[in-house]
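See structure below.
We're numbering straight along the sequence, starting at 1.
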Amino acid sequence: MMNRLRRLETFARAGWLARGIVYCLLAYIALTSAGADDASPQGVFRSVRDMPGGPLLLMLLAIGLALYGAYRFYGAALDSEGKGQEAKGIAIRIGYAASGLAHFILAWAALRLATGKSGGGGEREQEAAGMLLDMPLGETLLGVIGLGFLAGAAQQAVKAWTTEFMKGVAPEAPAWVVPVGRAGLAARAIVFAIIGYSLVRAGWFGAAGEVKGLGDALSSLTENSTLVAAGLFLFGIHSLVEARWRRIRDVDVVARLKAAAR
């Protein structure tokens, strides 16, 4: 059981570290006028690839993102955060699994670039939405994915407002962790809401050409894009804080893992 707990902790901390790096670089690209049109995870990966030793750094990022995906799948299956079996808890655990899948996809994209393969063109989100719409029940599925993003936006906003995220942070963490976390989560909620709204419109209202990724969401905010990009940088810092001070080995987690092992 302790081996399982150590594995969970390793996956989580490596994943938070990788996620923090990606968000900080994403915000930097968005805040730099020359890179504003490429403010997306793929843009981050291309920037890392072009650095000295870039392919190796990309491989490390891919490993970290994959470990975070595994942590999310692990947590969803074993209910390591104690969300329960009620409808709300199951919905949150499904969200964790979806987050795990998204991070596996990001890891795969980083790995492809690290091995010299193309990361795709600038209209990949619209193309992916179009492919999904061509599938049976594709419109319904795309709209449901959009609702998932909107639900995620609401959850991030609630965490930012209530500082619920501090429940999992060790008490020795510095005081600045609170305002940084609130600003970062609020910015991520805005971006998630824009992406979710575009997916709902594409799935249920025939607007596949309006599907937005992270870069498109930032661009659509026009006058406020710089503020939101700065917030996403703080979310990256918040992820680094979790890598350092997030509590994994508390009594409740141990009890839930023991119960799952029976």
Side-chain angles (χ1 to χ4, degrees), residues 3-26 40-46 48-49 55-83 89-115 117 119-120 124-125 128 132 141 144-146 148-149 151-153 155-156 159 165 168 184-185 188-189 191-192 195-196 199 213-214 232 235-244 246-249 253 256-257 260:
N3 286 336
R4 180 182 293 183
L5 188 58
R6 280 193 292 271
R7 187 163 58 246
L8 180 68
E9 182 176 14
T10 300
F11 287 3
R13 297 201 187 285
W16 282 318
L17 177 62
R19 188 179 70 173
I21 292 170
V22 169
Y23 267 91
C24 287
L25 289 174
L26 171 67
S40 66
Q42 289 79 9
V44 169
F45 299 152
R46 281 190 287 273
V48 173
R49 179 193 59 190
L56 177 59
L57 293 174
L58 263 183
M59 290 286 290
L60 293 175
L61 270 182
I63 292 171
L65 291 167
L67 288 176
Y68 186 77
Y71 161 67
R72 277 311 192 191
F73 274 126
Y74 206 79
L78 296 181
D79 192 21
S80 62
E81 296 189 13
K83 300 304 179 181
I90 291 174
I92 293 173
R93 290 167 67 183
I94 290 173
Y96 289 162
S99 174
L101 177 61
H103 283 83
F104 274 127
I105 292 172
L106 285 176
W108 175 244
L111 184 62
R112 282 177 59 83
L113 273 178
T115 55
K117 297 181 181 179
R124 55 196 164 270
E125 289 87 6
L132 188 57
L141 182 57
V144 168
I145 293 172
F149 268 95
Q155 184 186 30
Q156 302 282 315
K159 285 183 177 181
F165 61 91
L185 287 165
R188 198 173 188 229
V191 173
F192 271 34
I195 295 173
L199 289 172
L214 271 172
L232 290 179
F235 181 78
I237 299 298
H238 172 67
S239 296
L240 298 178
V241 164
E242 290 194 298
R244 172 63 179 84
R246 179 72 177 265
R247 289 179 297 186
I248 304 293
R249 299 189 181 194
V253 171
R256 285 192 289 272
L257 290 177

Going by the rule salt bridge (Lys or Arg N to Asp or Glu O under 4.0 Å), which residues pair with R19 if we only count those two or more places apart in sequence or in a different chain? E242
With the side chain counted from C-beta on, respond yes when V22 and L106 share a heavy-atom pair under 4.5 Å apart, and no when they do not. no
In the structure I gave you, are the side-chain heavy atoms of L111 and W108 within less than 4.5 Å of one another anywhere? yes
L185 and Q156 have their tightest heavy-atom pair at CD2-OE1, 2.9 Å
Minimum-distance pair of heavy atoms, taken over all atoms of F104 and G69: CE1-C, 3.8 Å
To the nearest 0.5 Å, tell me how far L113 CG sits from T115 OG1. 8.0 Å
Work out which heavy atom in A62 is nearest to a heavy atom in A107; give both atom names and the distance. O-CB, 3.3 Å
Residues at least two apart in sequence or cross-chain that pass side-chain contact (heavy atoms from CB on, under 4.5 Å) with A14, listed by chain then number, are L67
Between A18 and L65, which heavy-atom pair has the shortest distance, and what is it? CB-N, 3.7 Å
My understanding is that only residues two or more places apart in sequence, or in another chain, count here; which of them pass side-chain contact (heavy atoms from CB on, under 4.5 Å) with L17? I21, L240, A243
So which heavy atom on P55 is nearest to which on R49, and how close? CD-O, 4.0 Å
Shortest non-hydrogen contact between Y68 and A12, atoms and distance: CD1-O, 4.3 Å
List for me each residue that meets ring-ring contact (aromatic ring centres under 6.0 Å, His included) alongside H238, sequence neighbours excluded, and say none if there are none. F165, F235
